[in-house]
Amino acid sequence: MQERTLLIIKPDGVARGLVGEISSRFERVGLKIVAAKFTKADQTLAEKHYPSDRDVWLRGMGEKTLENYKKFGVDPEKLLGTTDTLKIGKIIQGWLVKYIISGPVLAFVLEGPHAVDLVRKICGHTLPSEAVPGTIRGDLAYDSSYLANTGKRAIKNLVHASGSLEEAKYEISLWFSPSEIFGYERVEEKAMR
Ligand code: ADP
Ligand code: MG
């Protein structure tokens with residue numbers, strides 16, 4: 001069940017000085033850092049990372065956004081000019097590209113059993129306002145679709161984590177070359193298996 005996944009501490013996480021706080025949560029659960037890079041994405045990388053033609057993902061963002069608006073009594077038509085989940089996803093994708101290139105980020109490849117799901121569990125719900133305490137987004141942020149979208153910006157949720165094994169493979173290849181990824185043994189591995 002060894003998997004590899006991409007984790008990015010987004011510009012707000014770096015700017016808030018939360019690099020140590022965030023990365024320690026993955027280390028202490030037993031996930032292995034097999035690659036790390038402090039970098040600033042350019043427009044091309046950002047658009048590959050957040051592709052404007054991945055309809056299922058775009059609709060998913062649109063759906064989560066509509067649910068959040070309903071909760072706060074926000075009219076999507078008034079705020080974004082549409083109720084179409086795909087169109088909403090596309091608007092957000094534009095904001096996301098701006099957000100990820102707005103400052104330096106720290107990208108990691110994390111390896112371990114069930115790494116994709118484990119990392120997402122530690123990150124918490126996409127919307128910090130919905131994320132439970134104990135998760136990175138629940139403990140360290142409070143942003144919501146309402147706050148972000150009234151400001152016409154992406155949700156500041158500190159981290160990106162690949163959503164599936166397939167997404168992880170694609171994203172790792174965007175951010176790292178194979179020679180930048182290192183295999184090694186962590187001393188507690190034997191005790192944990
Ligand atoms: P996750 O990051 O949990 O995998 P998604 O892939 O669905 O979530 O969304 C990608 C990113 O888009 C989120 O991490 C968040 O920064 C941003 N986002 C999602 N919904 C909205 C929204 N309604 N408004 C602004 N940004 C959003
Ligand atoms: Mg995602």
Side-chain angles (χ1 to χ4, degrees), residues 3 5-16 18 22 25-26 41 45-103 105-108 110 115-132 135-172 174-175:
E3 295 177 356
T5 190
L6 184 79
L7 184 280
I8 300 174
I9 303 181
K10 292 176 173 177
D12 52 325
V14 173
R16 288 179 55 196
L18 292 172
I22 292 172
R25 291 171 181 233
F26 300 106
L45 173 58
E47 282 175 3
K48 284 185 186 158
H49 180 79
Y50 290 127
S52 59
D53 59 358
R54 205 195 288 157
D55 285 9
V56 175
W57 168 68
L58 293 167
R59 274 191 197 285
M61 284 199 297
E63 276 156 23
K64 274 188 262 188
T65 300
L66 287 183
E67 272 169 37
N68 197 245
Y69 282 6
K70 205 184 259 174
K71 196 167 159 182
F72 292 106
V74 178
D75 180 359
E77 197 72 57
K78 266 197 200 140
L79 198 54
L80 301 175
T82 179
T83 53
D84 183 300
T85 50
L86 184 61
K87 282 190 188 147
I88 294 174
K90 284 190 176 163
I91 296 171
I92 296 170
Q93 187 265 349
W95 292 335
L96 267 175
V97 168
K98 272 198 206 149
Y99 170 33
I100 200 81
I101 67 176
S102 68
V105 300
L106 189 59
F108 293 97
L110 298 173
V116 172
D117 285 348
L118 189 53
V119 167
R120 288 191 65 91
K121 184 179 73 171
I122 294 167
C123 290
H125 194 282
T126 302
L127 312 176
S129 61
E130 301 280 323
V132 296
T135 64
I136 291 167
R137 290 160 169 173
D139 283 347
L140 305 172
Y142 55 68
D143 210 6
S144 65
S145 302
Y146 174 76
L147 287 171
N149 300 167
T150 46
K152 305 271 181 235
R153 59 164 175 82
I155 289 171
K156 293 183 180 172
N157 57 4
L158 299 167
V159 278
H160 165 83
S162 306
S164 66
L165 208 46
E166 200 191 350
E167 221 176 88
K169 285 207 177 96
Y170 169 72
E171 292 176 353
I172 289 169
L174 290 180
W175 290 81

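All ligand and atom numbering here is 1-based and tracks the order in the structure.
In terms of N/O distances under 3.5 Å, ligand 1 is not approached by W95. Checked by distance only, ligand 1 and K64 come closer than 3.5 Å through their nitrogen or oxygen atoms. Below 3.5 Å of separation, one finds an N or O of N157 facing an N or O of ligand 1.
Residue R120 touches ligand 1 through its side chain alone, judged by heavy-atom distances below 4.0 Å. Residue contacts with ligand 1, taken as heavy atom pairs separated by less than 4.0 Å, involve T126 via backbone and side-chain atoms alike.
The shell of residues lying under 4.0 angstrom from ligand 1, judged by heavy atoms, includes R153. Under a 4.0 Å heavy-atom criterion, E63 is not in contact with ligand 1. Every heavy atom of H160 sits 4.0 Å or more from the atoms of ligand 1.
For the pair S129/N68, a side-chain contact is recorded, criterion being any heavy-atom separation below 4.5 Å from C-beta on. Here the side chains of C123 and F26 are in contact, with some heavy-atom distance below 4.5 Å.
Between atom 25 (C) of ligand 1 and the options L96, T65, N149, the minimum heavy-atom separation is to N149.
Salt bridge present: K71 and E130 bring a charged side-chain N and a carboxylate O closer than 4.0 Å.
In this structure, the protein non-hydrogen atom closest to atom 6 (O) of ligand 1 is W57 NE1, 2.7 Å. Protein heavy atom nearest atom 21 (C) of ligand 1, with residue, atom name and distance: I155 CD1, 3.4 Å. Among protein heavy atoms, atom 2 (O) of ligand 1 sits closest to R137 NH2, 3.2 Å.
Counting the atoms of ligand 1 from 1 in the order shown, those under 4.0 Å from a heavy atom of I92 are 18 (N), 20 (N), 21 (C), 22 (C), 23 (N), 24 (N), 25 (C), 26 (N), 27 (C). If you number the atoms of ligand 1 from 1 as listed, the ones under 4.0 Å from a heavy atom of S145 come out as 23 (N).
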Side chains of residues 80-96: which donor-acceptor pairs under 3.5 Å do they make with residues two or more places apart or in other chains?
unit_1 : atom_1 : unit_2 : atom_2 : d
T82    : OG1    : D84    : N      : 3.0
D84    : OD1    : L86    : N      : 2.8
D84    : OD1    : K87    : N      : 3.0
T85    : OG1    : R59    : NH1    : 3.2
Q93    : NE2    : Y50    : O      : 2.6
W95    : NE1    : K152   : O      : 3.3

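Scanning all heavy atoms of the two residues, the minimum distance from N149 to T65 falls at OD1-CG2, 3.7 Å.
At least one donor-acceptor pair under 3.5 Å links the side chain of R120 to the backbone N or O of A161.
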